[in-house]
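Below you'll find the structure, written out as structure tokens, and then a few comments.
All values below come from the heavy atoms of this structure, side chains included, with hydrogens, waters and symmetry mates left out. Chain A is the first sequence line, chain B the second, and so forth, proteins listed ahead of strands; every chain is numbered from 1.
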There are 2 protein chains.
Amino acid sequence: MRTKENRILIVEDEPKLASLLNDYLTSSGYTTEIISNGLKVVPSVRDNIPSLILLDIMLPGKDGMEICREIRTFSDLPIIMITARVEEVDRLMGLNIGADDYICKPFSPREMVARVKAVLRRAAGDTIRLEELKLDESKNRAELKGRPLDLTVVEFQLLKILASDPGRIYTRNQLIDRIYHDHRVVSDRTIDSHIKKLRKKITDVIPEYDFIHSVYGVGYKFETSD
Amino acid sequence: MRTKENRILIVEDEPKLASLLNDYLTSSGYTTEIISNGLKVVPSVRDNIPSLILLDIMLPGKDGMEICREIRTFSDLPIIMITARVEEVDRLMGLNIGADDYICKPFSPREMVARVKAVLRRAAGDTIRLEELKLDESKNRAELKGRPLDLTVVEFQLLKILASDPGRIYTRNQLIDRIYHDHRVVSDRTIDSHIKKLRKKITDVIPEYDFIHSVYGVGYKFETSD
DNA sequence: ACTCAATTTACACAGGTTTTACATAATTTT
DNA sequence: AAAATTATGTAAAACCTGTGTAAATTGAGT
């Protein structure tokens with residue numbers, strides 16, 4: 001497996017703090033991007049989903065909480081909120097805004113980096129990420145370049161199995177075994193049907209994405225074109 | 001019932017400043033009230049609780065800090081303190097008087113309005129706001145685009161749970177668990193019933209709002225159409 | 001290389017099943 | 001008695017599956 005680069009979006013209007021964050025993150029091996037105006041965050045994220053967002057709560061343009069909620073309507077990407085006061089953390093936690101972690105000013109850069117790492121590690125956990133595809137197993141949700149893929153349960157399973165090991169070829173029987181753990185007997189053609197629907201749903205969202213390939217005489221595999 | 005307007009109480013003895021504040025706030029859509037004598041503040045607030053108080057510290061009659069403390073004995077309404085000197089802010093913060101924010105003279109009116117907005121938004125506190133939906137958990141009240149949604153307790157719970165994490169899919173059992181914390185055994189179809197009524201009450205108010213979606217084979221989720 | 005037959009895959013479509021929507025009724029609470 | 005909650009039954013919808021047919025792939029024979 002190839003190491004994927006982690007791009008971190010820093011949303012902070014205080015230039016000094018922003019550049020401090022930037023320095024520490026880049027020297028820890030992350031690539032970064034800084035946005036200081038709250039209004040620009042959501043469009044930017046929609047356009048190009050970062051690996052993680054460091055989000056200050058107090059912002060010109062649009063409030064951090066609001067931004068967080070908005071992002072959560074279309075993506076589960078990790079968000080760490082930065083708040084000025086300790087007491088606020090409890091309140092925020094209670095509000096169930098959907099952030100993955102909170103950090104209070106003033107904080108040590110070292111701590112910040114540690115949290116970023118931790119959140120990224122956790123987030124990698126129950127989701128599969130290829131560059132453009134994201135599968136959240138717990139929620140049975142799939143998204144492609146940030147756009148939701150509306151999959152049925154079987155379709156999701158199928159995609160999950162294939163995508164979890166790109167390049168590996170699965171025979172239809174292997175797929176059947178893994179989708180229906182001995183609960184059911186189904187024909188191979190059924191897999192074809194599901195593959196067909198899955199492919200359609202993917203190309204419906206992004207036409208040039210055809211990463212489900214059939215291997216003649218063997219089965220199917222998942223592979224990105226590049 | 002109509003949408004409640006945000007009434008801001010300005011406590012300021014310097015007439016010029018008071019009227020400046022007044023002008024900016026009214027032109028930002030708030031209704032205002034001005035009190036110049038410290039002694040009159042607490043009775044006025046007790047009588048009719050404003051949405052927010054802008055409170056100068058130096059006042060004839062009674063000190064701003066004292067007023068703040070007194071108000072905090074009976075209400076959590078947002079208070080922004082106005083102070084003359086920057087150094088004082090730190091001291092005040094340390095004193096833990098209970099104000100929500102501090103602002104120093106001289107300040108730009110624009111900044112002031114921004115702070116008022118921010119504090120009000122924060123103070124909305126235990127309410128969930130999506131663009132059109134507002135849920136006040138403490139009062140069990142819901143409104144849609146300002147129009148009240150007359151929900152029963154179960155319906156409110158249901159909507160609250162779903163709306164608090166848009167996009168997340170809840171199975172019927174998860175919903176049951178969270179509505180009746182082991183107090184009761186109910187069938188899944190019951191959830192369907194409540195969902196149906198909830199949907200109707202929502203579309204009765206605004207027909208094109210259909211943000212409760214079923215996910216075949218899994219459960220329900222809340223999601224705005226755009 | 002070309003053709004052809006055998007095999008495999010793609011896909012449209014339909015039957016059958018599961019799940020959901022909704023009206024209605026029964027029960028419980030207020 | 002009225003309102004709210006829960007349960008039930010039935011129609012509608014969504015989904016899964018398999019079939020048949022067309023298209024693609026392969027490899028052998030020419």
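Annotation for A:Ile82 and A:Asp56: closest pair O-OD1, 3.1 Å, computed over non-hydrogen atoms. Across all their heavy atoms, A:Pro148 and A:Val205 have their closest contact at O-CG2, 4.3 Å. For the residue pair B:Cys68 and B:Ile79, the shortest heavy atom distance occurs at SG-CD1, 3.9 Å.
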Show me the protein contacts with nucleotides 21-26 of chain D, counting only N or O atoms at under 3.5 Å.
from: D:dT25; atom 1: O2; to: A:Tyr216; atom 2: OH; distance (Å): 3.0

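For B:Phe156, there are no ring pair (Phe, Tyr, Trp, His ring centres under 6.0 Å) partners at least two apart in sequence or on another chain. Remark: B:Asp150 engages no residue in a side-chain hydrogen bond (donor to acceptor under 3.5 Å, both in side chains) (not counting sequence neighbours). Residues passing the side-chain hydrogen bond (donor to acceptor under 3.5 Å, both in side chains) test with A:Gln174: none are found, sequence neighbours excluded.
As rounded to whole Å, 12 Å separates atom P of C:dC11 from atom CG of A:Asp210. One atom, CG of B:Asp192, and another, P of D:dA13, lie 16 Å apart when rounded to the nearest Å. Between the P atom of D:dA4 and the CD1 atom of B:Ile179 lies a distance of 16 Å, rounded to the nearest Å. At whole-Å resolution of the value, CG in B:Leu175 and C1' in C:dT20 are 14 Å apart. We find that CD1 of A:Ile212 is positioned 14 Å from C1' of C:dA10, with the value rounded to whole Å. Counting to the nearest Å, the P atom of C:dT19 and the CZ atom of B:Arg172 are 10 Å from each other. For the pair A:Lys200 NZ and C:dC13 P, the interatomic distance rounds to 13 Å; values are reported in whole Å. When rounded to the nearest whole Å, the span between CG of A:Leu158 and P of D:dT17 equals 11 Å.
In this structure, the side chain of B:Arg7 does not engage the main chain of B:Glu33 through any donor-acceptor pair within 3.5 Å. For the pair B:Arg115 (side chain) and B:Tyr102 (backbone), a donor-acceptor distance under 3.5 Å is present.
Side-chain contact between B:Ile161 and B:Phe222: absent, with no pair of heavy atoms (C-beta onward) separated by less than 4.5 Å. Taking the side chain as every heavy atom from C-beta outward, A:Val45 and A:Glu70 never approach each other to under 4.5 Å.
Summary of helix geometry: the two end axes of the helix from C:dA1-D:dT30 to C:dT30-D:dA1, each defined by five base pairs via their C1' atoms, are inclined to each other by 30° (rounded to 10°).
The only option from A:Lys201, A:Lys160, A:His194 that meets the side-chain hydrogen bond (donor to acceptor under 3.5 Å, both in side chains) definition with A:Glu155 turns out to be A:Lys201.
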Encode nucleotides 5-12 of chain D as B, S and - characters from 5' to 3', where the letter depends on protein heavy atoms closer than 4.0 Å: B to the base, S only to sugar-phosphate, - to neither.
BBBB----
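Comparing B:Lys196 and A:Ser214 against DNA chain C, the residue whose closest nucleotide sits nearer the 5' end is A:Ser214.
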